[in-house]
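Here, residue 1 is the first one in the sequence, and each next residue gets the next number. Any value given below was found using the heavy atoms of this structure, including those in side chains, with hydrogens, waters and symmetry copies removed. Computed from a predicted model, the values in this text were never measured in an experiment.
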Amino acid sequence: MRERFDVVIAGAGPAGAQCARDLAERNYEVLVLETESEDEFPRQSNKSTAGTFMSAMTGFAIPDDVVMNYTDDVVLESPNDHYVRNQTGAVLEFAEFKQWLVSEGRSKGATYRFDARVSAPIMENGEIVGVRYDGDEEVYADIVIDATGPAAPLAKKLDVCNLKRDHQAIGVEYEFEGVEVNHDDYADLRDAMMLRLDHDLAPGGYSWIFHTGEDTAKVGICYIQNGSHEKYAKDGMGIDDYLEYWLDSDPRFDDAEKIEGTQAHRGSAHIQPPDSMSTDNFMAIGDTVPTVDPLWGEGIHKGMKSARAAAATADSALKPDEPDTSAENLSVYDQLWHSEVAPKHNARLMMTELLYLAPNERYDQLMDDLRSTGQDTLRQINGGDRRAIAKLTHLSDMPILVEYARRRLDI
């Protein structure tokens with residue numbers, strides 16, 4: 001006898017767990033399949049910087065219990081300058097946050113199975129009707145949701161999203177103590193989330209310090225594996241080498257030590273637009289269909305918003321006496337993604353790519369530009385306002401714009 005649920009979700013990260021939470025609250029039978037074991041969930045190596053803002057905290061009723069530190073500012077650093085924007089945020093204890101989401105979903109009736117690696121879709125008449133996991137185990141559902149992040153085993157086999165590896169960002173982070181967060185030669189990072197644009201430290205990407213209280217912080221770097229990285233990269237250096245290079249060269253880390261018992265936190269994300277996000281009986285959410293704000297990412301909030309949009313779409317499709325989970329009906333999710341989750345996605349992606357193409361001296365100029373255009377410019381840029389992007393553009397940026405256009409034509 002076939003085991004069946006209304007919805008099966010692959011992946012128990014913020015997107016998958018939030019989607020299960022929303023659907024279970026609507027009284028649907030939901031099964032979440034998670035690769036990791038429950039005893040180890042989530043593994044240290046599968047954590048995140050977990051920086052978010054108050055809109056996410058209030059919008060998803062995230063409790064204070066999972067917050068490591070509330071922050072007052074976002075700081076952007078260039079090689080020789082910095083810019084401070086007052087914006088209240090929160091650095092989450094990511095493991096506790098993910099565990100809380102699982103507990104919330106279970107309390108509303110969602111079923112979780114850990115040690116359950118999803119491997120392939122079950123197809124009938126050209127449509128997905130369930131998933132295989134742990135080798136030969138099978139489970140069926142009216143709707144299947146892929147929330148596995150860049151791995152995307154279901155989305156890839158269904159030819160949904162169509163994301164290319166050469167536009168994938170990779171990152172590594174450690175938690176440190178002994179960090180001098182108020183060094184005389186740098187911005188005051190007490191109660192701040194800092195992002196640094198500096199190709200010497202993170203070629204084709206950025207680095208960060210997120211203050212987590214007293215002298216502790218999350219410290220990491222990421223870069224995109226594309227032409228921008230190749231242009232600025234140092235021969236023979238991998239991502240761990242760049243992090244060590246920063247730690248050795250920045251005086252804020254002179255007395256810093258990795259917090260005992262913590263491991264490297266590693267992750268990846270796509271910096272490119274997905275072709276599509278749904279098909280018959282199927283939707284992809286979270287980092288499987290990523291959206292990144294140009295200057296401060298905030299992938300957690302975007303992933304959870306995509307989960308909420310998918311849950312609303314599933315509710316609409318399953319509610320009638322005769323449910324309709326066709327591609328046409330589930331395409332409502334794509335529309336919600338573009339209007340509510342990632343509005344003006346192409347403009348925001350353009351700003352992200354232009355940032356990584358710029359040389360270090362342009363980053364110093366950017367700090368001046370932001371000071372002269374006012375505190376609202378960052379919000380407008382992250383919202384995809386092309387006029388705000390234009391305000392930061394100079395005639396001297398023409399080579400960067402030409403290089404951007406050339407790269408877009410090559411994609």
Side-chain angles (χ1 to χ4, degrees), residues 15 55 76 149-150 152 155 159-169 195 197 204-206 222-229 268-279 283-310 313 330-358 362 366 369-370 373 376-394 397-411:
S55 54
L76 293 181
D159 201 24
V160 173
C161 304
N162 190 28
L163 300 173
K164 300 181 178 67
R165 186 173 181 81
D166 61 348
H167 294 282
Q168 186 171 322
L195 302 174
L197 297 165
Y206 61 93
C222 79
Y223 52 69
I224 305 172
Q225 297 168 297
N226 61 13
S228 296
H229 172 71
S268 60
H270 290 283
I271 312 296
Q272 58 188 298
D275 285 351
S276 63
M277 287 151 275
S278 63
T279 187
M283 290 179 281
I285 64 175
D287 281 346
T288 306
V289 282
T291 172
V292 176
D293 289 330
L295 289 173
W296 53 65
E298 207 193 1
I300 291 171
H301 192 192
K302 298 296 184 183
M304 294 175 74
K305 287 176 74 173
S306 75
R308 181 151 286 174
T313 302
L330 294 189
S331 68
V332 171
Y333 166 62
D334 297 57
Q335 297 167 28
L336 289 173
W337 192 90
H338 283 290
S339 63
E340 304 297 330
V341 179
K344 301 180 181 177
H345 183 62
N346 287 335
R348 292 162 58 238
L349 182 61
M350 177 184 72
M351 183 62 190
T352 301
E353 294 186 14
L354 287 172
L355 268 178
Y356 298 148
L357 283 172
R362 185 61 180 88
L366 175 63
D369 294 339
L370 291 171
T373 55
D376 218 29
T377 302
L378 284 181
R379 180 189 61 79
Q380 293 168 343
I381 288 173
N382 279 300
D385 188 329
R386 291 179 182 270
R387 289 173 297 180
I389 297 172
K391 282 196 288 185
L392 301 180
T393 305
H394 302 269
D397 292 328
M398 188 57 65
I400 300 173
L401 296 171
V402 170
E403 177 67 7
Y404 166 77
R406 186 188 67 78
R407 289 173 183 270
R408 296 305 299 170
L409 290 173
D410 287 344
I411 290 177

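- Of all the heavy atoms in Val160 and Ser276, the pair that sits closest is CG1-O, 3.4 Å.
- The shortest non-hydrogen separation linking Gly205 to Leu197 is O-CD2, 4.1 Å.
- A 4.5 Å side-chain heavy-atom check between Arg362 and His394 finds at least one atom pair inside the cut-off.
- Of all heavy-atom pairs spanning Ala15 and Gly286, the tightest one is CB-CA, 3.6 Å.
- Contact annotation: the side chain of Asn346 never approaches that of His338 to less than 4.5 Å [non-hydrogen atoms, C-beta and beyond].
- The minimum heavy-atom distance between Gly303 and Ser306, with the atom names listed, is O-OG, 2.7 Å.
- For the pair Leu366/Leu392, a side-chain contact is recorded, criterion being any heavy-atom separation below 4.5 Å from C-beta on.
- Atoms CD1 and NZ, from Ile285 and Lys305 in turn, are 14.5 Å apart once rounded to the nearest 0.5 Å.
- Counting only heavy atoms from C-beta outward, the side chains of Asp334 and Met277 approach each other to under 4.5 Å.
- Listed for the Lys302 side chain is no donor-acceptor partner under 3.5 Å among the backbone atoms of Ala342.
- Using bins of under 30°, 30° to 60° and over 60° for the plane-to-plane angle, the ring pair His229/Tyr223 lands in the parallel bin.
- Listed for the Tyr404 side chain is no donor-acceptor partner under 3.5 Å among the backbone atoms of Met351.
- Taking 4.5 Å as the limit, some side-chain heavy atom of Lys391 sits within range of a side-chain heavy atom of Gln380.
- Rounded to the nearest 0.5 Å, atoms CD1 (Ile400) and OH (Tyr356) are 14.5 Å apart.
- Of all non-hydrogen atoms in Thr313 and Leu336, the two that sit nearest each other are OG1-CD1, 3.7 Å.
- Here the side chains of Arg406 and Val402 are not in contact, with every heavy-atom distance at 4.5 Å or above.
- The shortest heavy-atom contact between Ile389 and Ala347 is CD1-O, 3.8 Å.
- Between Arg386 and Met350, some side-chain heavy-atom pair lies under the 4.5 Å cut-off.
- Side-chain contact between Arg348 and Thr352 is absent, with no heavy atoms from C-beta onward closer than 4.5 Å.
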CA sep, side-chain torsions, deciding dist, call: Asp397, Leu354, side chain to side chain contact (heavy atoms under 4.5 Å, CB included):
CA-CA 10 Å; Asp397 292 328; Leu354 287 172; over 6 Å; no
